Structures are given as C-alpha cells and as structure tokens.
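Have a look at the structure below before the remarks.
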Amino acid sequence: MGGPVSGHGAGGRAACPDAGLPFNPNAVEGHCAYGGDGNPLTTTFMAYLPPTTTEVPTLEYGHLKSPGAFEHHVPTTLEEAVALLAELGEDAKAIAGGQSLVPMLVRRMAVFGHLVDLRYVPGLRGIERRNGSLWIGAGTTQAAIQWSGEVSGAVPLLARATPLIGHFRIRSRGTIGGSLAHADAAAEYPAVALALDARLETFSPRGRRTIPATLFFTGLWSTDLAEDELLTGITFPVRSARSGFAVEEFARRYEDFALAGAAVAVELDEDARIRRCGIGLFGLGPTARRAPAAEAAATGGEAAAIDAADVGRTAMSELASVPSDLHGSAAYRTRVGAVMVARAWRRAVEEAKGD
C-alpha cells in the first residue's frame, strides 16, 4: 500500500482518531489518508470506490494503523470453538466474515491476542424451514440471504433490509450472525430482528439457550452473549396473511451508515385493525431498539385511521440518547427518524391492506 491511491477524499467527513477531528463510532470502517501537503484527509470506508471525476485528488496512504499481533485459531467443531473462547478469556474474539471486526482491529479500536475463526465450523450456515418458522445459520452470508427466494417469501423484511447493508463486497463475506453479535447501532439487522421478535440461538460450554431479540442487545456494541458463547442461528416467524413490511433509512450517501432508520412489521385482523406491529429503530441511540409506546398506541386501532406521522412522532418521543456528532445533531436525527418511521409505517400498512 505504499504507492499513490486514488479515492474520494473530499466526499467523506468521518474523521480518523489521529486526524484531530471528532471521531464517530458509526464510521469505524474509515480510512485515514494524507495528501501531498501532509495534512490528513478524511473519508469513510464506503468512499474508496474508483473515482468518477478528474477532480478527485491523489491520496498517499501513510501513517495507517495495522492490527496488533494475534494468534489465529481455526477450530473445526462448535465444541472446540467455545472451548477456545473459554480457555483464552477476554483476550479472544470470534471472527466470521470479519466485515465489522477487522476494521476495528485495523483502527486499533479493539485489540485481541487471539482470533477464533469460525469459517470451518459446521452447522453455522443454511436457511431452513423449522417448525413453522425460518431458521438461518449465524454463519450465513448476507449475500446468500439477499438472493434467497425462501427468505424473500417467508421473511420479507429481512430480504428488503439486506441490500441496504454496505455494498455487494461486504455482503459477500459479512454474515447475519456477525452483524447481530457486533450490535452496531446503525446496522439494519438488529432492528429487523427486534421488529420481527426473532429468537437468537447460542452455544457455550454450558450448553444451548435461546435469547429473544428484545433481550439480546444491551448497549453500544454489546449483547447478552457471554465471552465463551457463540451465536449459532436465528429463528424468524414466517409472514402471515394480511401482513406488511418496510424498512426506511437515511444516509449521507448510498451504501453508507444510516443516520436514522426504521424497520416496521404490521399484521391486520379481519376488520383491518392492527393486530400486531413491531417498530425497530436504528441509528438513533447506542443500540437498536423497539418503539413500545408507538406500537401500543397503534395496536387495536383501525389501520386507515392511524396517522403515520403520529406514529413517527410517538416513536421518537421515547428516545433518550440520540447521538449528536459531525454527521447530524440529535434534533436533526430525531426529525429524520420520525419521517423514516412514518414512511415505513405507511408502506407496511399499504402492503398489509393489499393496496
């Protein structure tokens, strides 16, 4: 990486830690490059695509950080993988597709002495109907989910959210389990899991357990997983009759992290009233979360009489820790979030009604 590299240096504003600007944790996959004058240029990881104009400056990559030294472990069974995590403790981290973890290692935002590679552990990939639900292995790539007819038919919300994740290179290696376990506040999958009441299956030296999505995400990049516990699969309910789904997000550029977003699932009864609804929010706090007050206010109401804008405002009224950074103030994100909820609600209800 010693030669000159062209990139969209002027397009991004996500700062690197050593650039002397505020650093947004939602842009952990940023690159830090230096121009000919030696001053740092800032951009996001989504801005490395080939330039389309001659005005793009030539960037000399220098002062780039590299991951700290680590030992690479390649278990071939689930039992071996969790035994390694238990033995090595907090100095070990499981890695699947690496699309979230590797950028953090490169940025030195995380340092581990041991990486436990899950690529050769059987039983972590696949998409199957099980007991009236859809099971997806934690190691299943996002690309496999995106192109699965089984997913698009049974869990439309998951299928519609997947193309919003990064770009196709990311999705070809990134896994659903990695995204959920990483628990990025701006990621789509956690919000989808919450809106659909997904169940997350885990395995540790103590055995297996199932965690409801509402209890899985505990904070910024944190979950209910123990250090020696692995996410093995996710079970989603299969869509029912008179149901509708939509995901809306706002990002500064296509394929970038969302400043605010919403995943909505709606089910109507025979009288066109809201039987059940789930609203998952992302980019609006330290972790993805539901909007229980908005859901409670809408449940039982006549779908045609519910104002989508009111649903959006009610969802935002519950938020207490909306981030404020160089990408947008808390007030701005709140306004955008209300609009995203309203748009997703309107589309989901229209689908459920068959309009």
Side-chain angles (χ1 to χ4, degrees), residues 25-29 94 96-97 99-101 103-104 134-142 145-146 151 155-166 170-171 174-202 210-225 229-237 245-251 256-265 277-292 294-295 315 318-323 333 337 340-341 344:
N26 288 340
V28 298
E29 292 166 323
Q99 299 307 291
S100 298
L101 178 60
M104 295 186 73
L134 189 72
W135 177 88
I136 301 179
T140 305
T141 65
Q142 295 150 4
I145 293 170
Q146 179 178 353
V151 173
V155 192
L157 187 58
L158 184 66
R160 296 168 190 175
T162 301
L164 301 175
I165 300 172
I170 296 291
R171 297 190 294 272
T175 66
I176 183 172
S179 178
L180 293 171
H182 185 60
D184 194 303
E188 292 83 1
Y189 276 172
V192 169
L194 288 169
L196 294 177
D197 285 321
R199 302 188 305 277
L200 293 88
E201 303 167 4
T202 72
T210 300
I211 309 171
T214 50
L215 300 179
F216 186 76
F217 307 103
T218 58
L220 180 63
W221 295 329
S222 65
T223 70
D224 193 50
L225 288 173
E229 191 170 25
L230 289 175
L231 181 60
T232 59
I234 307 94
T235 300
F236 294 93
F245 311 89
V247 57
E248 291 280 351
E249 67 176 42
F250 178 79
D256 209 344
F257 283 100
L259 295 181
V264 173
C277 63
I279 302 174
L281 305 175
F282 55 102
L284 291 163
T287 188
R289 57 162 296 168
R290 288 277 289 265
E295 295 171 0
E318 306 175 73
L319 302 180
S321 302
V322 179
R333 289 176 186 261
M340 295 301 103
V341 172

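Keep in mind the model is a prediction, meaning the values are calculated, not measured. Worth knowing before you read on, the calculation uses all heavy atoms, side chains too, and leaves out hydrogens, waters and symmetry mates.
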Exercise. Apply side chain to side chain contact (heavy atoms under 4.5 Å, CB included) to the pair Leu157 and Phe236, showing each step before the final yes or no.
Key: CA-CA 10 Å; Leu157 187 58; Phe236 294 93; over 6 Å; no
Quiz item: Which heavy atom in Phe217 sits nearest to a heavy atom in Thr287, and how many Å separate them?
Solution: CB-OG1, 3.5 Å
Self-check item: For Arg199, side-chain hydrogen bond (donor to acceptor under 3.5 Å, both in side chains) partners two or more places apart
Solution: none
Self-check item: Separation of Leu319 CG from Leu284 CG (nearest 0.5 Å)
Solution: 5.5 Å
Quiz item: Taking only residues two or more places apart in sequence or in another chain, which ones pass side chain to side chain contact (heavy atoms under 4.5 Å, CB included) with Ala181?
Solution: Leu225
Quiz item: Which atom names give the shortest non-hydrogen contact between Ala288 and Pro190, and what distance separates them?
Solution: CB-CB, 3.7 Å
Quiz prompt | Whether Arg290 side chain and Leu194 backbone form a donor-acceptor pair below 3.5 Å | solution = yes
Exercise. Please round to the nearest 0.5 Å and tell me the distance separating atom CD of Gln146 and atom OG1 of Thr141.
Key: 9.5 Å
Exercise. Could you walk me through whether Val192 and Phe245 pass the side chain to side chain contact (heavy atoms under 4.5 Å, CB included) test, one step at a time?
Key: CA-CA 10 Å; Val192 169; Phe245 311 89; over 6 Å; no
Quiz item: Do Thr223 and Leu231 touch side chain to side chain, with heavy atoms closer than 4.5 Å?
Solution: no
Practice problem: Go through the steps for Tyr189 and Ile145 under the test side chain to side chain contact (heavy atoms under 4.5 Å, CB included), then give the verdict. | Solution: CA-CA 12 Å; Tyr189 276 172; Ile145 293 170; 3.8 Å; yes
Quiz prompt | Taking every non-hydrogen atom, the tightest pair across Gln142 and Ser179 | solution = NE2-CB, 4.0 Å
Exercise. Hey, could you give me the OG1/NE2 distance between Thr175 and His182, rounded to the nearest 0.5 Å?
Key: 11.5 Å
Self-check item: Heavy-atom closest pair, residues Val264 and Val341
Solution: CG2-O, 4.5 Å
Self-check item: Least distance between heavy atoms, Ala195 atom then Ala263 atom
Solution: CB-O, 3.5 Å
Quiz item: Looking at CD1 of Ile176 and CD1 of Ile234, how far apart are the two atoms once the value is rounded to the nearest 0.5 Å?
Solution: 4.5 Å
Self-check item: Partners meeting side-chain hydrogen bond (donor to acceptor under 3.5 Å, both in side chains) with Glu201 (sequence neighbours left out)
Solution: Trp135, Thr235
Quiz item: Roughly how far, to the nearest 0.5 Å, is CD1 of Ile279 from CD of Glu295?
Solution: 5.0 Å
Practice problem: List the steps and the verdict of side chain to side chain contact (heavy atoms under 4.5 Å, CB included) for Phe282 and Glu188. | Solution: CA-CA 7 Å; Phe282 55 102; Glu188 292 83 1; 4.0 Å; yes
Practice problem: Heavy atoms only: give me the nearest Glu318-Arg289 pair and the separation to one decimal. | Solution: O-NH1, 3.5 Å
